[in-house]
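So you know, we letter chains A, B, ... as the sequences are listed, proteins then strands, and number each from 1.
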Number of protein chains: 2
Amino acid sequence: MLKTTIELEKAATILKLLGDKTRLAMMKILDKHDCCVCEFVAIFKTSQPSISQHLRKLRDLGLVKEERRGQWIFYSINKSNEYYPFIQQILEQLPSQDDKLKDLEEQGTRISCC
Amino acid sequence: MLKTTIELEKAATILKLLGDKTRLAMMKILDKHDCCVCEFVAIFKTSQPSISQHLRKLRDLGLVKEERRGQWIFYSINKSNEYYPFIQQILEQLPSQDDKLKDLEEQGTRISCC
DNA sequence: TTAGTATATAATGATATGCTTATATATACA
DNA sequence: TGTATATATAAGCATATCATTATATACTAA
């Protein structure tokens, strides 16, 4: 168990952000693998702008980082964020979302860009 | 670390519920002490209906239980809820809210009903 | 029974959220 | 340069959320 505590209001802000199934699944996936936007678009049944908007919210709080690699923009968990330990403890309790990525690989979608 | 995992959609629902500073503080307080509604009304700067509505949401998901004691209705954490371990790990990382209760005692407000 | 206290619920309104469509920007490549 | 691809942003809309005020219900005690 972690000893550190986190200010309650800040915790509420983070939990609210994680309290959306798309963002929560994104964070769970990102905790293990970097991903580009097109992968998320393929994984979740929603539009590209919707994915971008979710990522922006996560980025605005510093929970994820973005990095351009050529044509693509890869997102990764920001492990140096001061709230990462708090978030990680939550993510650890969630089932792996690797099956979602695996489905993409089988479809060949993941290989197309990443 | 807990071994159990929790369905992702259910986790998102719970996190969304906890993603409100009033409800999150309530849960943190309830994790240590039972409380009646009038205490919460005194602690938080909001109306009694607002408090009741927050408690209803927590109750609807089975996160808290209510118990009438005469004129008052006491709320307590529902430790037998299947998601309690998940919630507890989150609450553990938050700072104690005992100061809020202490303030009430000093004002004499807590003693009035509880 | 009546008055007072504690709590819940209903109705309403302001603001937030999350999606969609349309468009802008940046890169890759022929 | 022109076209295609990847991503971000803007605008608009439907729905959700959270507070407030008003009212209903339940219990207590005179």
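With Gln93(B) contributing its side chain and Gln89(B) its backbone, the two residues share a donor-acceptor pair below 3.5 Å. Checking side-chain atoms of Asn78(A) against main-chain N and O of Leu63(A) turns up no donor-acceptor pair under 3.5 Å.
The side chain of Arg56(B) contributes no N or O atom lying less than 4.0 Å from OP1 or OP2 of dA8(C). Taking 4.0 angstrom as the limit, Arg68(A) places none of its side-chain polar atoms (N or O) nearer than this to OP1 or OP2 of dT7(D). A sub-4.0 Å separation between OP1 or OP2 of dT17(D) and a side-chain N or O of His54(B) is absent.
Atom-to-atom, CG of Leu55(A) to P of dG18(C) comes out at 13 Å; the value is rounded to the nearest Å. Rounded to an integer number of Å, the gap from Asp60(B) CG to dA8(C) P is 12 Å. Whole-Å rounding puts the Glu67(B) CD to dC27(D) C1' distance at 15 Å. We find that CG of Leu58(A) is positioned 14 Å from C1' of dG18(C), with the value rounded to whole Å. Rounded to a whole Å, the CD atom of Glu66(A) is 6 Å from the P atom of dA8(D).
Backbone-only contact: Lys57(A) has heavy atoms under 4.0 Å from sugar-phosphate atoms and none from a base. Within 4.0 Å (heavy atoms only), Arg69(B) reaches no atom of the nucleic acid at all. Looking at heavy-atom distances under 4.0 Å, Phe40(A) makes no contact with the nucleic acid at all. Among the protein residues, Tyr75(B) comes within range of the sugar-phosphate backbone only, with heavy atoms under 4.0 Å from sugar or phosphate atoms but none that close to a base.
Rounded to 10 degrees, the angle between the two end axes of the helix from dT1(C)-dA30(D) to dA30(C)-dT1(D) is 10°, with five pairs used at each end.
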Discussion item. One pair to check against side chain to side chain contact (heavy atoms under 4.5 Å, CB included): Glu92(A) and Gln88(A). What are the steps and the verdict?
Written reply: CA-CA 6 Å; Glu92(A) 269 173 7; Gln88(A) 194 185 26; 4.2 Å; yes
Worksheet item: Where do Gln48(B) and Ser52(B) land on the side chain to side chain contact (heavy atoms under 4.5 Å, CB included) test, with the steps shown first?
Response: CA-CA 6 Å; Gln48(B) 173 269 317; Ser52(B) 278; 3.1 Å; yes
Item to complete: Would you sort out whether Phe44(B) and Met26(B) count as a side chain to side chain contact (heavy atoms under 4.5 Å, CB included), showing the intermediate values?
Response: CA-CA 9 Å; Phe44(B) 300 106; Met26(B) 281 176 162; 3.8 Å; yes
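Between atom CD1 of residue Ile90(B) and atom CZ of residue Phe86(A) there is a gap of 6.0 Å, rounded to the nearest 0.5 Å. To the nearest 0.5 angstrom, Glu39(A) atom CD is 9.5 Å from Leu30(A) atom CG. Considering NZ of Lys100(B) and CG of Asp98(B), their distance stands at 10.0 Å, rounded to 0.5 Å.
Partner of Met27(A) under the side-chain contact (heavy atoms from CB on, under 4.5 Å) criterion, out of Leu17(A), Leu94(A), Val64(A): Val64(A) alone.
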With the criterion being N/O to N/O and under 3.5 Å, what pairs connect the protein with nucleotides 21-24 of chain C, and how long is each?
none

Heteroatom pairs (N/O) under 3.5 angstrom, protein to nucleotides 1-5 of chain D:
{"residue": "dT5(D)", "atom": "O2", "partner": "Gln71(A)", "partner atom": "NE2", "Å": "3.3"}

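With sequence neighbours excluded, the residues forming a side chain to side chain contact (heavy atoms under 4.5 Å, CB included) with Ile73(A) are Glu66(A), Arg68(A), Tyr75(A), listed by chain and number.
Judged as a side chain to side chain donor-acceptor pair (under 3.5 Å), the pairs with a partner in residues 11-25 of chain B (not counting sequence neighbours) are, in order, Arg23(B)-His54(B).
Proximity of residues 14-28 of chain A to DNA chain C (heavy atom under 4.0 angstrom from any strand atom) is restricted to Lys16(A), Asp20(A), Arg23(A).
Taking both residues in full, the closest heavy atoms of Leu8(A) and Leu24(B) are given as O-CD2, 3.7 Å, listed atom of the first, atom of the second, then distance.
By the 6.0 Å contact criterion, NZ on Lys32(B) is open, its count of non-hydrogen atoms from other residues, nucleotides or ligands being 12 or less.
Asp34(A) has no carboxylate O lying under 4.0 Å from a charged side-chain N of Lys65(A), or vice versa, which leaves the two without a salt bridge.
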